[in-house]
Protein chains: 2
Amino acid sequence: MSTTTQAPQSPGAPKTARGARTRAKILVAAEETFGSLGYHRAGVTDITRAAGVAQGTFYTYFTSKEEILRELVMDLGHKLRAHLAAQVISSGDRLEAEEQGLRAFLQYLADHPSLYRVLQEAQFVDEAIYQEYYETFARGYTDMLNAAARKGEIRAGNNQHRAWALMGLSHFLGLKYALWDQRAKQGDGAFDPIVETISDLFRNGLALNGRDKG
Amino acid sequence: MSTTTQAPQSPGAPKTARGARTRAKILVAAEETFGSLGYHRAGVTDITRAAGVAQGTFYTYFTSKEEILRELVMDLGHKLRAHLAAQVISSGDRLEAEEQGLRAFLQYLADHPSLYRVLQEAQFVDEAIYQEYYETFARGYTDMLNAAARKGEIRAGNNQHRAWALMGLSHFLGLKYALWDQRAKQGDGAFDPIVETISDLFRNGLALNGRDKG
DNA sequence: ATAAAATATGACAACTGATTCAGGTTTTAT
DNA sequence: ATAAAACCTGAATCAGTTGTCATATTTTAT
């Protein structure tokens, strides 16, 4: 849960070690508080209480409740991206990368449930940042699929459509199996059956063509 | 935009034609208001103003702002389900049904953008009803896939996982292409390229196997 | 050591928005 | 036609929030 943000241009960036520490504490507290109570139910009071500072301190580093949400969204986005990238480098081809990526995403969500809530709720507080989050993600995803298509690892096709479809697929599987169905969270291979199902979809489709069956 | 709800057990069900009319007006106004402003930004005042009644009238038929959201979610769910079912009956097999279903979903979302917003926002107001909405949907979906598997129309596999994956896929494609990218909304075949991409995924997978390429 | 700068405090002003209520109006039933 | 029931009204209440500010404390620089 370390918070890795550098360049806050807000009211005043902290100019002291203490200030930086306090700002970070507030950011972490906000993530936890938004995560458990939700953006609207969470008051600035709740955040500062969780951070162990006075209400007024909040406004030394953030101009508003909305601003801290924006910063959190970007922060969490970076962390997730970094995590996925790290988990996927070992993949041989795109199909393997998709499998490892899905597994890594599900695991990350199970470990950081706040990510989901903060991000999804941001949608209704500041739609632009939500759109940007996913458009950015989709752009990178599309590029990777295009590269894979060029290499002959996947079929030709509209990779932008595919990118959105794949993001949605991961999103809902995460919602259901990483967040709602509690069990999982434990064993390392908890999400394997899901990954296998999707892997089969990617490798063989859904149709029962002339080929072998699952 | 007709509102087809029958059994309100709320404070008092309307006992007069006038009452029923007023209640319906409020429900429609709430859908529009939540849809355009969002649940939190929309005040009861906004709803009653849109409905052309006094604030107090709201509480003659609904106990709270939250309750009307719940009713809207169920209402919209029923309507969407009915629409999809109607658009899919003509399908020969499951694969065709998936294609027509996706197309119908995208079209419905483009025509009724409030559905999306109300439903998604409900998640943070009353998570239970959101879960129930999707769990119900997933149950029906899974059953259909199981039936299709028995008939040999699709490969064997975990159809619950598939159901969630497919819901997510539709959801995100809808978000991106039916709601964010405005153009579309016009022509009847506006979503055909998307459906084709997904159809190819279902029929051939993503991998470039020995088979022909897209 | 000490003045200046940075941080922290927490009470409070200013406001928002949901819900209530006492009383007026319309509809229904006789 | 008229009393009772249903419905409607909107000002007032009430709970809760965000963001401000004058003051106190801590840190930094000399």
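Convention: sequence-line order gives letters A, B, ...; per-chain numbering from 1.
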Protein-nucleotide distance (A:Arg41, atom CZ; D:dT18, atom P), rounded to Å: 14 Å

Short side-chain N/O contact from B:Thr16 to OP1 or OP2 of C:dT28, under 4.0 Å: no

Which nucleotide in C:dA18, C:dC12, C:dT9 has an atom nearest any side-chain atom of B:Lys65: C:dA18

Sugar-phosphate only, base, or nothing, as touched by A:Gly56 at under 4.0 Å among non-hydrogen atoms: base

Rounded distance in Å - CD1 (A:Ile47) to C1' (D:dG19): 13 Å

side-chain N/O B:Thr22 vs D:dC8 OP1/OP2, d < 4.0 Å: yes

Charged N-O contact under 4.0 Å between A:Asp46 and A:Lys65: no

A:Phe172-B:His171 aromatic ring centre distance below 6.0 Å: yes

Nearest to side-chain heavy atoms of A:Ala54, which nucleotide of C:dT9, C:dT27, D:dT26: C:dT9

Rounded interatomic separation in angstrom, taking CD1 from A:Ile26 and P from C:dA8: 8 Å

Sugar-phosphate, base or nothing in reach of A:Ala42, heavy atoms under 4.0 Å: sugar-phosphate

Side chain of A:Arg18 (C-beta onward), nearest among C:dA11, C:dA6, D:dC8: C:dA6

Gap between atoms NZ and P, on B:Lys15 and D:dA4 respectively (whole Å): 17 Å

B:Lys176 side-chain N/O to A:Glu135 backbone N/O, donor-acceptor pair under 3.5 Å: no

Interatomic distance, A:Gln55 CD vs D:dG16 C1' [rounded to whole Å]: 13 Å

Atom pair distance, as rounded to whole Å: OH in B:Tyr39 and C1' in C:dG17: 12 Å

Salt-bridge criterion met for B:Glu98 and B:Arg203 (N-O under 4.0 Å): no

Separation of C:dT7 C1' from A:Phe62 CZ (nearest whole Å): 14 Å

Short side-chain N/O contact from A:Tyr59 to OP1 or OP2 of D:dG19, under 4.0 Å: yes

A:Thr57 side chain near C:dT9 phosphate (N/O to OP1/OP2, under 4.0 Å): yes

A:Tyr134-A:Gln123 side chain donor-acceptor pair, cut-off 3.5 Å: no

B:His40 NE2 - D:dT17 C1' separation (whole Å): 13 Å

Side-chain N,O (B:Tyr61) to OP1/OP2 (D:dC8) below 4.0 Å: yes

B:Thr45 vs C:dG17: side-chain N/O to OP1/OP2 distance below 4.0 Å: no

